[in-house]
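For reference, the structure discussed in these notes is given below.
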Amino acid sequence: MDKIVFRKPPLLTDAPMHYCPGCTHGIVHRLIAEALDELGEFENVIGVAPVGCAVFAYNYFKCDMFQAAHGRAPAVATGIKRARPDSTVFVYQGDGDLASIGMAEIVHAAARGENMTVVFINNGIYGMTGGQMAPTTLEGQKTTTSQSGRSAKEHGNPIKVCEMLSALTGPAYIARVSVHDVKAVKTARAALVRGFAMQKAERGFSLIEILSTCPTNFGMTPQQALCWVRDHGTAAYPLGVYKDIGLPGEGRE
Amino acid sequence: MKRLFKGNEAVAEAAIAAGCRCFFGYPITPQNEIPEYMSWRMSEVGGHFVQAESEVSAINMVYGAAGAGARAMTSSSSPGISLKQEGISYIAGAEVPCVIVNMMRAGPGLGGIQPAQSDYFQATKGGGHGDYRMLVYAPSSVQEAADLTYKAFFRADYYRNPVMILGDGMLGQMVEPAEIPPAADVSALPQKKWAACGNNGGVQRVINSIFMAPDTLEEHNAALTRKYEEMARSDVMSESYMTDDAEVVLVAYGIVARICKAAVDILRAEGVKAGLFRPITLFPFPYREIATLADGAAERFISVELSCGQMIEDVKLALYESGKRPQCGIYARTGGNVMRPEDVAEHVRSGRINKSWIK
Amino acid sequence: MKSIIVSGFGGQGVLSLGLMLSYAAMKEGLNTSFLPSYGPEMRGGTANCSVVISDSEVASPVISRPDILIAFNRPSLARFLPDVADGGAVFIDACMRDGDNGAYKMIAVPADELCAGNRKGKNIVMLGAVLPYTGLPLWRAEEAVREVFKDKPEYIDANIACLYAGNEFAGRGYGS
């Protein structure tokens, strides 16, 4: 008898994704859908898409979706969660969206402990607008607005979001993962499951930072981009769990 | 039963009565009584109050809550309303109903905290980027502030459009007896099938203002315009006081209309045929009603404003529709100053038609 | 129609006196508006409010020519005295009496003495004293005092004593 060993998660649509070849948005979309599927969350999910390449994320998720203004997704999600406390809300943001223009929104949503799950795509560059410097661009990394490489003196230092937010009392779960190889992808999936589990258990704010690639604007092949994240991304942004207050029944309450 | 209400508190309580259960705000004078009132009242009625980290966040929280189907409101005063403009544009573009209160203070910039009407253009002509309009109500008493706030939630839902309550510091701070409309049965309101509230039964709802294809966006703009045109047909509200035989018509809204009413009384007692025309909706503006007065006995129109010549532009547009060409001038105070009834009466007596508000 | 301006330093009970007048007027079935000054004036500087009481709809809440001025300090008197309507009444705290009454009926209320040690009740002494000029009955003012202090019942009796003391002072022809 045939056995299904692999299927499309029910939360994803059949629409072909518009992302560039080798872009890791597709992997992360799938991981979100799988994580929600694993927790049996499908019926009552509301997503918030950012400004950036993922602006059309609502084409790929079947759940109700909002498209937020640049950086404002955590505020929009705060409103959604107040109006619909029973829904499972995920926020999808890039590094420019979250750590630059939307820094106030993410810090305060985290500080309030809003019961939502934020998926933070950190690829160190502005993708949609054509490869400009992001708040998370590495020192020395070349972008179209730091053409001889980011220098701390001239452009400021990269911002470490997990380290910063985990200093707050509000968050329940903060982790940094990557999707540069199969092992990392599996860890990322587990982190997303735990983030959503926190929300389901009403433990509060969860954020999963995912080190990602932008082969087009890195000027690399998809393979090179993944290796770059493995070698340089994880060196600047150490992977791991930065905060975890535990789930009910784990004896950490 | 009537109770003494501060204007700001009447607005807040009327919103609760209309079924508003989500309020998001940020402190700024002279509207602080609204978030203060909501902070305790929302928990009494099982609603939600969030003191946002900024006005920018507050309006985006409104976008989220209202987009998920709740009746939601934010309030601020002029500089804070400027910060909200991005969110208001998205809300208008995504056709999300909500209510925004602006208790105006004098500008530009940080300006002052005393009453003004200098956000008229911002409120009535769009405010943020892109082609959109809000329904704009301009109450002139505490009772009317309550009534119009209540009504605003229903018109917002009807049009799926933001509605603005445009008051000023004086209206927000003054106290008058008022009766709040009876509480609406929120559970009996029509379901918002378009709302992205989860539990979608397989049909995805998207709250969105992005339309990348020019033809699609043009059609979206046309649909929005049809809505604004319907407002112009159905929602115009105004009040006339002693205008039937008036040769001089003062045009004023909000608190200034009250001052002008007193000026009309002073002038009438002297035998001067003066009247008051008060737009209650500023968008849609009562163009036809003013043109009708111009077709009648009115020979002089004076736009009385707490701004440097904003509403007068709409008054002139209205007069353009008239067969006659009456004179049109302005009398204004700004910076937080408010004219006295005697000042307005004296201006009318002088017979001047001022093209500029500067004396 | 009566138009009343109450003015003094912040903390002298200027705004609550105005609110009590509006409350009593509303309970009496009259139209009324209460317009406070707001902003930095609340702290340290002068606070003032404008109260209109009318049997018809209140047109302007902005008062240019008050029928009654109640001034709790000299700066307030200096600021608003020139605006007082012809034949208007000016109430001042007796401790600040000038002697020069000008064209107005100047009524000095010995609030320090009448408050019987309840110095925070001096504004209510003034409320009692001003009542005959407003047309509002004493029992409505008493209702207003009870309303204002409904959350602090321990203060009600002392303040009603102030109200009566002020009103009795009026009944004695304001000491003249």
Side-chain angles (χ1 to χ4, degrees), chain A residues 10-13 15 18 41-52 55-91 101-112 114 116 128, chain B residues 20-24 26 42 46-74 84-91 93-94 96 98 128-129 192 194-212:
Chain A
L11 201 64
L12 289 185
T13 66
H18 71 285
E41 290 295 308
F42 175 71
E43 280 300 313
N44 200 4
V45 178
I46 305 175
V48 186
V51 166
V55 69
F56 294 118
Y58 55 81
N59 284 331
Y60 312 128
F61 292 102
K62 280 183 187 162
C63 57
D64 283 350
M65 293 287 290
F66 281 70
Q67 198 283 306
H70 201 19
R72 317 296 175 225
V76 173
T78 299
I80 297 169
K81 201 69 195 190
R82 299 294 165 131
R84 305 287 166 194
D86 298 335
S87 58
T88 299
V89 173
F90 74 87
V91 175
I101 195 166
M103 188 57 105
E105 284 78 3
I106 192 64
V107 169
H108 284 271
R112 287 191 300 267
E114 292 292 342
M116 59 174 68
M128 194 185 217
Chain B
C20 173
R21 289 296 179 271
C22 289
F23 179 88
F24 310 98
Y26 187 84
M42 275 301 183
H48 300 274
F49 162 85
V50 179
Q51 179 167 326
E53 55 272 22
S54 68
E55 284 93 346
V56 176
S57 289
I59 191 70
N60 279 283
M61 290 174 188
V62 168
Y63 177 62
R71 284 193 163 174
M73 181 168 100
T74 186
K84 290 185 197 292
Q85 291 303 330
E86 174 200 53
I88 298 174
S89 173
Y90 278 68
I91 284 169
V96 171
C98 68
H129 63 279
K192 296 175 179 177
W194 52 265
C197 57
N199 278 330
N200 63 13
V203 183
Q204 187 194 38
R205 279 97 33 127
V206 178
I207 302 297
N208 181 22
S209 62
I210 187 170
F211 301 92
M212 292 295 266

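The basis for the numbers below is simple: all heavy atoms, side chains too, and nothing from hydrogens, waters or symmetry mates. Every chain is numbered from 1, with letters handed out A, B, ... down the list of sequences.
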(message) Please classify the contact between B:Phe23 and chain A as side chain, backbone, both or neither, with a heavy-atom cut-off of under 4.5 Å.
(response) neither
(request) Can you tell which part of A:Val48 gets under 4.5 Å to a heavy atom of chain B, answering side chain, backbone, both or neither? (result) neither
(message) At a 4.5 Å cut-off on heavy atoms, which part of A:Arg72 comes close to chain B: side chain, backbone, both, or neither?
(response) both
(request) Using non-hydrogen atoms and a 4.5 Å limit, figure out which bit of B:Ala195 sits close to chain A: side chain, backbone, both or neither. (result) backbone
(request) Would you mind checking which part of A:Ala69 comes under 4.5 Å of any heavy atom in chain B, side chain (CB onward), backbone (N, CA, C, O), both or neither? (result) both
(request) Measure B:Tyr90 against the heavy atoms of chain A and call it side chain, backbone, both or neither at under 4.5 Å. (result) side chain
(request) With a 4.5 angstrom heavy-atom cut-off, could you sort out which part of A:Phe56 is near chain B: side chain, backbone, both or neither? (result) side chain
(message) Tell me whether B:Asn60 contacts the main-chain N or O of A:Val76 through its side chain, where contact means a donor paired with an acceptor under 3.5 Å.
(response) no
(request) With a 4.5 Å cut-off on heavy-atom pairs, point out which of A:Ala109, A:Pro85, A:Ala73, A:Ala83 contacts chain B the most. (result) A:Ala83
(message) Looking only at heavy atoms and a cut-off of under 4.5 Å, which of B:Ile210, B:Val203, B:Ile59 has the most pairs with chain A?
(response) B:Ile210
(request) Quick one: which of A:Ser87, A:Ala111, A:Ala104 has the most heavy-atom pairs under 4.5 Å with chain B, could you say? (result) A:Ala104
(request) Report yes or no: does A:Asp64 contribute a side-chain atom to a donor-acceptor pair with the main-chain N or O of B:Arg205 at less than 3.5 Å? (result) yes
(request) Kindly give the heavy-atom pair with the smallest separation between B:Ala68 and A:Phe66, and that separation in Å. (result) N-CZ, 3.5 Å
(request) For B:Gln204 and A:Cys63, indicate whether the former's side chain and the latter's backbone hold a donor-acceptor pair under 3.5 Å. (result) yes
(request) Please flag which part of B:Arg21 lies under 4.5 Å from any non-hydrogen atom of chain A: side chain, backbone, both or neither. (result) neither
(request) Find out whether B:Glu53 and A:Val107 are in side-chain contact, i.e. whether some heavy atom of one side chain is under 4.5 Å from a heavy atom of the other. (result) no
(message) If we define contacts as heavy-atom pairs under 4.5 Å, which of A:His108, A:Arg82, A:Glu43 has the most with chain B?
(response) A:Arg82
(request) Below 4.5 Å from any heavy atom of chain A, which atoms of B:Val206 appear? Answer side chain, backbone, both or neither. (result) both
(request) Please state whether the side chain, the backbone, both or neither of B:Cys22 comes within less than 4.5 Å of a heavy atom of chain A. (result) side chain
(request) Look at B:Cys197, B:Ser57, B:Ala70 and state which one has the largest set of heavy-atom pairs under 4.5 Å with chain A. (result) B:Cys197
(message) If we define contacts as heavy-atom pairs under 4.5 Å, which of A:Thr78, A:Thr13, A:Asp86 has the most with chain B?
(response) A:Thr78
